[in-house]
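Shown next, in structure tokens, is the structure this report addresses.
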Amino acid sequence: MKIAIACEGKYVSGHFGHCEGFAIYEVEEGKILEKKFEANPGHRPGFLPVFLKNLGVNVIIAGGMGETAQQLFNENAIKVFVGVQGLCDDVMDKFIKGTLKSTGSVCTEHAHEGHCNG
């Protein structure tokens with residue numbers, strides 16, 4: 001399984017589409033096999049869900065994400081966790097333990113990059 005976390009440095013990004021990139025973790029049987037960074041190729045409507053699907057991602061984790069992106073991930077069989085904050089490695093530990101919760105919030109404020117309160 002591959003889990004992508006929209007990130008800014010070592011932290012979960014507040015807005016999926018405008019993140020610096022994605023920390024991608026390959027996990028098997030509760031253990032992280034590999035962690036790599038994939039730079040964000042740019043925010044274009046509908047592009048990033050397909051981009052991440054082509055990388056083999058099964059789960060996307062972000063702080064904020066718009067409704068259309070969430071729908072596109074669902075259509076591509078990628079589970080969405082939103083409203084997440086903190087260090088990416090800590091978030092992955094919670095995901096692996098099954099304690100990570102998604103708020104289900106939808107980001108609607110695109111004019112103010114990084115200030116989504118969903």
Side-chain angles (χ1 to χ4, degrees):
M1 170 180 275
K2 285 189 180 179
I3 298 95
I5 301 178
C7 62
E8 295 292 333
K10 296 180 181 182
Y11 292 88
V12 177
S13 174
H15 192 284
F16 157 77
H18 297 283
C19 67
E20 173 187 2
F22 302 94
I24 299 179
Y25 298 79
E26 189 165 347
V27 176
E28 188 175 299
E29 297 178 11
K31 298 201 185 315
I32 297 171
L33 303 179
E34 180 182 21
K35 176 185 173 184
K36 64 181 182 176
F37 177 80
E38 189 73 38
N40 184 343
H43 183 263
R44 299 188 299 266
F47 177 75
L48 289 173
V50 175
F51 172 76
L52 291 171
K53 180 184 171 100
N54 288 339
L55 293 176
V57 169
N58 308 99
V59 175
I60 179 69
I61 299 170
M65 183 184 298
E67 182 177 10
T68 301
Q70 290 187 41
Q71 288 173 346
L72 289 170
F73 278 118
N74 289 328
E75 289 170 13
N76 284 285
I78 297 174
K79 186 165 176 62
V80 176
F81 285 82
V82 290
V84 178
Q85 297 178 343
L87 287 166
C88 293
D89 288 347
D90 292 347
V91 167
M92 269 311 300
D93 287 341
K94 288 180 182 177
F95 178 83
I96 289 169
K97 291 175 183 171
T99 60
L100 185 67
K101 304 289 184 215
S102 177
T103 65
S105 63
V106 175
C107 185
T108 57
E109 207 42 62
H110 292 108
H112 304 288
E113 178 181 336
H115 300 282
C116 295
N117 297 320

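- The environment of Phe51 atom CZ is dense: over 12 non-hydrogen atoms of other residues, nucleotides or ligands sit within 6.0 angstrom.
- Between the side chain of Gln70 and the main chain of Met65, a donor-acceptor pair closer than 3.5 Å is present.
- Across all their heavy atoms, Asn40 and Gly17 have their closest contact at ND2-O, 3.1 Å.
- For the atom pair Glu75 CD and Thr68 OG1, the distance stands at 9.5 Å (nearest 0.5 Å).
- Distance alone, capped at 3.5 Å, is enough to place a donor-acceptor pair between the Ser102 side chain and the Val82 backbone.
- Note on Val91: it clusters hydrophobically with Met1, by side-chain heavy-atom contacts below 4.5 Å among ILVMFWY residues.
- Put simply, the side chain of Leu48 reaches to within 4.5 Å of the side chain of Phe22, judged on heavy atoms.
- Residue pairs that meet the ring pair (Phe, Tyr, Trp, His ring centres under 6.0 Å) test with at least one member in residues 62-81, sequence neighbours left out, are Phe16-Phe73, Phe81-Phe95.
- No side-chain donor-acceptor contact under 3.5 Å links Glu8 to the backbone of Ser13.
- Grouping the Ile, Leu, Val, Met, Phe, Trp and Tyr side chains by contacts below 4.5 angstrom, directly or via other members, places Leu72 apart from Val80.
- Glu26 contributes atom CD, which lies 9.5 Å from atom CG of Asn58 (distance to the nearest 0.5 angstrom).
- The local environment of CD in Glu29 is sparse, with at most 12 non-hydrogen atoms from other residues, nucleotides or ligands closer than 6.0 Å.
- In the hydrophobic cluster analysis, where Ile, Leu, Val, Met, Phe, Trp and Tyr join through side-chain heavy atoms closer than 4.5 angstrom, Ile3 is grouped together with Val12.
- Between Lys94 and Val84 the shortest side-chain heavy-atom distance does not fall below 4.5 Å.
- Side-chain contact between Leu52 and Asn76: absent, with no pair of heavy atoms (C-beta onward) separated by less than 4.5 Å.
- Contact record, Cys7 with Ala23: SG-N, 3.6 Å, taken as the closest heavy-atom pair.
- Under the 4.5 Å side-chain contact rule for hydrophobic residues, Ile5 and Ile96 share a cluster.
- Using a 4.5 Å cut-off on side-chain heavy atoms (C-beta onward), Leu55 and Lys2 make no contact.
- Within 6.0 Å of CD in Gln71 there are more than 12 heavy atoms belonging to other residues, nucleotides or ligands.
- Hydrophobic clustering (ILVMFWY, side-chain heavy atoms < 4.5 Å, transitive): Leu87 and Ile60 are in distinct clusters.
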